[in-house]
Asker: 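Okay, here's the structure, questions in a sec.
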Number of protein chains: 2
Amino acid sequence: MRTEGRHFERHFNASETVRDIIIGMSDGLTVPFALAAGISGAVAASGIVVTAGLAEIAAGAISMGFGGYLAARSEAEHYTTERLREQQETRDHLAEEEQEIIDIFSSYNITPEESAPVVEALKRNPEIMVDFMMKFELGLEEPDPKRAFRSAATIAGSYVAGGFVPLAPYMLLSNGVLALEVSIAVTICALFLFGYMKGRFLGNKPWYSAFQTTLIGGIAGGVAYFLAKIVS
Amino acid sequence: MRTEGRHFERHFNASETVRDIIIGMSDGLTVPFALAAGISGAVAASGIVVTAGLAEIAAGAISMGFGGYLAARSEAEHYTTERLREQQETRDHLAEEEQEIIDIFSSYNITPEESAPVVEALKRNPEIMVDFMMKFELGLEEPDPKRAFRSAATIAGSYVAGGFVPLAPYMLLSNGVLALEVSIAVTICALFLFGYMKGRFLGNKPWYSAFQTTLIGGIAGGVAYFLAKIVS
């Protein structure tokens, strides 16, 4: 049982790339699909749908990619700043750091006498004391410094890959109505498959996730379609 | 100094709503802006830009809102599942749980003899032992159960609010070229202001964040504009 639990956690940590793919593809499948459906509900010509779809894919991929990059960078900077602060505290205000450790244990009904040997042990090595405080006081894990760029590229790439699924029919078929129908059919299949895989990777119920993902894409497409029809 | 550190952390936790606003508004300002610029680079009529823009705002808000909802729900479910597992382990396999606590301390160079009083203290109250394991073994904090819906509404609302900034000029001005120019001017101001506020709230350099956010929006808009011009 414990091994299962540990496996699950490891799985969760190892799958940062998987989560980035999910973040990018989730919006990448849905938004260009809904936009293309919306425009083709208002305008017959496939050409405008393709132009708008490509502009959307580029804009969405850039915006989300940079967003992922900045989030990862900001997380890494936050960790570095806090670590430097902890190092300084451990050097200059050791007594206060000791008290903080005692306080953390007290919040779990552990008396200062009971936590004293642990505090003494941590004082043997200041760098390990900093490690301990980063994790147990601040709840921060050291982020992978190379993550920011990889995260940005994964999110943007997944957005583009997802976005071309609903857009391809409009690029290949000159008949706008037929393109819309094929786009809906292809995207529903893709959303269903993506939702199923997402459920498997994140440890949720795969079939439930498949239906849910397809439903969200359908709602977004339907709302965009009728909104565009009303406006135009 | 410590108080400052604590303040910073509290600030970070209190601002989940602020982070949701940032998530929604960051893409909401950028993507509809870039899409509208892209389409008006290819098609002169403001009507199509407004139709596509509204479809995009609806699709983006729905997709990102549901995305935020599912992420918060999945986090809450993960916590509940893991907590039940820890409770069961503490009840049925206490000796193994004890060993796990000893192992956690060992990884910080604390000997089993030194951590023994802490282990004994935790065994007095199984529920506190579970609290301890959730935080120190799994690194999980209890999520707010009401967060999912609030998070979804905040992200979607911010996306819509952000999206109307670049779109409004196309809705109010019949001259497509003028609308594009006003949209660019208004959106650059909005991105700059948003980037500055974002920097302040997240504890980064505000002016740096302002320039960065404006640059990303500008790149997305520029790429979408030239891509749409080439395609059409």
Side-chain angles (χ1 to χ4, degrees), chain A residues 1-2 5 9 26-27 30-31 34-35 38-39 42-43 47-48 50-52 54-56 58-60 62-64 66-67 74 82 85 89 93 96 105 108-111 114-115 117-118 120-122 124-125 128 131-132 135-136 138-139 141 202 204 216 219-221 223-224 227-228 231-232, chain B residues 1-2 5 9 26-27 30-31 34-35 38-39 42-43 47-48 50-52 54-56 58-60 62-64 66-67 74 82 85 89 93 96 105 108-111 114-115 117-118 120-122 124-125 128 131-132 136 138-139 141 202 204 212 216 219-221 223-224 227-228 231-232:
Chain A
M1 259 313 225
R2 287 306 329 155
E9 287 172 82
S26 180
D27 283 355
T30 308
V31 183
L35 174 74
I39 296 177
V43 187
I48 292 169
V50 172
T51 303
L54 287 176
E56 210 289 332
I62 291 169
S63 184
M64 288 195 73
F66 272 113
S74 149
E82 292 294 322
R85 204 200 299 271
E89 294 297 320
H93 305 280
E96 288 162 41
F105 283 116
Y108 294 94
N109 282 9
I110 298 163
T111 66
E114 286 163 336
S115 57
V118 168
E120 289 307 313
L122 288 171
R124 281 195 303 258
N125 188 331
I128 287 180
D131 286 339
F132 186 87
K135 178 104 195 264
F136 296 127
L138 303 177
E141 304 270 356
L202 296 187
N204 301 327
I216 294 168
I219 291 172
V223 170
L227 192 71
V231 170
S232 69
Chain B
M1 264 310 228
R2 287 311 323 156
E9 288 172 80
S26 180
D27 283 354
T30 309
V31 184
L35 175 74
I39 296 177
V43 187
I48 291 168
V50 173
T51 303
L54 287 175
E56 209 289 333
I62 291 170
S63 185
M64 288 196 72
F66 271 113
S74 151
E82 291 294 322
R85 202 201 300 269
E89 295 297 318
H93 304 280
E96 287 162 41
F105 284 116
Y108 294 92
N109 281 9
I110 297 163
T111 65
E114 286 162 336
S115 59
V118 168
E120 288 307 312
L122 288 171
R124 283 196 302 257
N125 188 330
I128 286 180
D131 287 339
F132 186 87
F136 291 67
L138 302 177
E141 303 272 356
L202 296 187
N204 300 328
Q212 199 176 43
I216 294 168
I219 291 172
V223 170
L227 192 70
V231 170
S232 68

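All heavy atoms count here, side chains included; hydrogens, waters and symmetry mates do not.
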Asker: Among residues at least two apart in sequence or on other chains, which ones pass side chain to side chain contact (heavy atoms under 4.5 Å, CB included) with B:Ala55?
Answerer: A:Leu35, A:Ala224
Asker: Measure distances from B:Phe132 to the heavy atoms of chain A and classify the residue's part below 4.5 Å as side chain, backbone, both or neither.
Answerer: both
Asker: Tell me which of these, A:Ser63, A:Ala34, A:Ala121, has more heavy-atom pairs under 4.5 Å with chain B than the rest.
Answerer: A:Ser63
Asker: Could you check which of A:Val231, A:Ile48, A:Val118 has the highest count of heavy-atom pairs closer than 4.5 Å to chain B?
Answerer: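 Of A:Val231, A:Ile48, A:Val118, A:Val118 has the most heavy-atom pairs under 4.5 Å with chain B.
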Asker: Could you have a look at B:Leu122, B:Ile128, B:Asp131 and say which one has the most heavy-atom pairs with chain A under 4.5 angstrom?
Answerer: B:Ile128
Asker: Any idea which of A:Arg124, A:Met64, A:Glu120 has the most non-hydrogen atom pairs under 4.5 angstrom with chain B?
Answerer: A:Arg124
Asker: So does A:His93 get a backbone contact from the side chain of A:Glu96, meaning a donor-acceptor N/O pair under 3.5 Å?
Answerer: no
Asker: Looking at chain A, which one of B:Ala58, B:Gly38, B:Pro117, B:Ser115 has the largest number of heavy-atom pairs inside 4.5 Å, strictly under?
Answerer: B:Pro117
Asker: Has the side chain of B:Thr30 got a donor or acceptor atom that lies under 3.5 Å from a matching backbone atom of B:Ser26?
Answerer: yes
Asker: Quick one: what part of B:Leu227 sits under 4.5 Å from any heavy atom of chain A, side chain, backbone, both or neither?
Answerer: side chain
Asker: Taking the side chain as everything from C-beta on, heavy atoms only, tell me whether B:Thr51 gets closer than 4.5 Å to A:Ile39.
Answerer: no
Asker: Could you tell me which portion of A:Tyr108 (side chain, backbone, both or neither) has an atom closer than 4.5 angstrom to a non-hydrogen atom of chain B?
Answerer: both
Asker: Just so I understand: if I count every heavy-atom pair under 4.5 Å between each of B:Ala220, B:Gly47, B:Gly221 and chain A, which residue has the most?
Answerer: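 Among B:Ala220, B:Gly47, B:Gly221, the one with the most close pairs to chain A is B:Ala220.
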